[in-house]
Amino acid sequence: MVTIDVTVPGTSSAVGRRALHRALGDDLRLYVMTIDKRHERISFRVEVMSRTVDQVIGALTSSLEQATVGRVRATTIKRLQNA
C-alpha cells in the first residue's frame with residue numbers, strides 16, 4: 001500500500017476527489033486533511049493498494065500538473081494464512 005499526501009488547487013473537495021480518482025482509479029481511499037480557502041487549495045491523504053510508489057507518483061504527475069506531492073510511505077501488508 002502506498003500512502004501519499006497530495007495538495008491540489010481548489011476549494012471543493014469533490015472536484016479534488018474526482019481528479020484523484022481519474023488519476024489513480026477506484027482502488028484508493030481519500031481523506032481530506034485541510035481545505036485552505038484563503039490560498040484555494042485542498043490537501044488529501046491518499047492510500048492506494050496494489051501499486052508501487054513509482055506508479056502512484058507517475059500517475060499523479062502525468063494527470064495532475066498543478067498537484068503538490070508531499071510525504072510518501074510504502075507499506076507491505078502481509079496476510080496470515082491458516083495453518
Side-chain angles (χ1 to χ4, degrees):
M1 175 171 70
V2 175
T3 304
I4 187 168
D5 295 343
V6 180
T7 301
V8 296
T11 56
S12 168
S13 64
V15 173
R17 286 178 184 275
R18 281 194 297 273
L20 288 165
H21 274 285
R22 275 193 309 271
L24 298 170
D26 290 327
D27 186 26
L28 65 109
R29 288 183 273 180
L30 296 172
Y31 305 94
V32 176
M33 293 175 24
T34 59
I35 299 174
D36 182 348
K37 290 186 179 184
R38 182 175 177 207
H39 296 102
E40 297 185 357
R41 59 183 173 216
I42 302 172
S43 296
F44 292 92
R45 171 137 315 140
V46 181
E47 295 177 350
V48 183
M49 302 294 286
S50 305
R51 290 206 191 178
T52 66
V53 171
D54 289 341
Q55 290 170 330
V56 171
I57 291 174
L60 289 172
T61 57
S62 67
S63 300
L64 302 170
E65 58 191 49
Q66 293 185 342
T68 302
V69 175
R71 181 177 175 191
V72 180
R73 290 185 318 262
T75 306
T76 302
I77 300 173
K78 296 183 180 183
R79 297 176 192 226
L80 297 176
Q81 296 180 349
N82 293 335

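Linking ILVMFWY residues whenever their side-chain heavy atoms come closer than 4.5 Å, directly or via other members, places V46 and V72 in the same cluster. Hydrophobic clustering, with ILVMFWY side chains joined whenever heavy atoms are under 4.5 angstrom apart, groups I35 together with L20.
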For this session: Kindly determine whether Q66 and V8 satisfy side-chain contact (heavy atoms from CB on, under 4.5 Å), including the steps that lead there.
Result: CA-CA 7 Å; Q66 293 185 342; V8 296; over 6 Å; no
Problem set entry | Residues I57, I4; criterion side-chain contact (heavy atoms from CB on, under 4.5 Å); working and verdict | CA-CA 9 Å; I57 291 174; I4 187 168; 4.1 Å; yes
For this session: Apply side-chain contact (heavy atoms from CB on, under 4.5 Å) to V32 and R17, showing your working.
Result: CA-CA 9 Å; V32 176; R17 286 178 184 275; 3.5 Å; yes
Problem set entry | Check against side-chain contact (heavy atoms from CB on, under 4.5 Å), R51 and L28 | CA-CA 10 Å; R51 290 206 191 178; L28 65 109; over 6 Å; no
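The side-chain hydrogen bond (donor to acceptor under 3.5 Å, both in side chains) test with S43 is passed by exactly one of T68, T7, D36: T7.
Taking both residues in full, the closest heavy atoms of Q55 and S50 are given as OE1-O, 4.4 Å, listed atom of the first, atom of the second, then distance. When all heavy atoms of A67 and V6 are compared, the pair lying nearest together is CB-CG1, 4.0 Å. The heavy-atom pair separating M49 from D27 by the smallest distance is O-OD2, 2.8 Å. V53 and V2 get closest at one heavy-atom pair: N-CG2, 3.7 Å. A23 and L60 make their closest contact through CB-CD2, 4.5 Å (heavy atoms, listed as atom of the first residue, atom of the second, distance).
Here the OG1 atom belonging to T11 is positioned 6.0 Å from the CD atom belonging to E40, to the nearest 0.5 angstrom. Rounded to the nearest 0.5 Å, atoms OG1 (T34) and CZ (F44) are 9.5 Å apart. For the atom pair CZ (R29) and CZ (R45), the distance works out to 12.5 Å, reported to the nearest 0.5 Å. For the atom pair CZ of R71 and CG of D5, the computed distance is 7.5 Å after rounding to the nearest 0.5 Å.
A donor-acceptor pair under 3.5 Å links the side-chain atoms of S62 to the main chain of A59, judged by distance alone.
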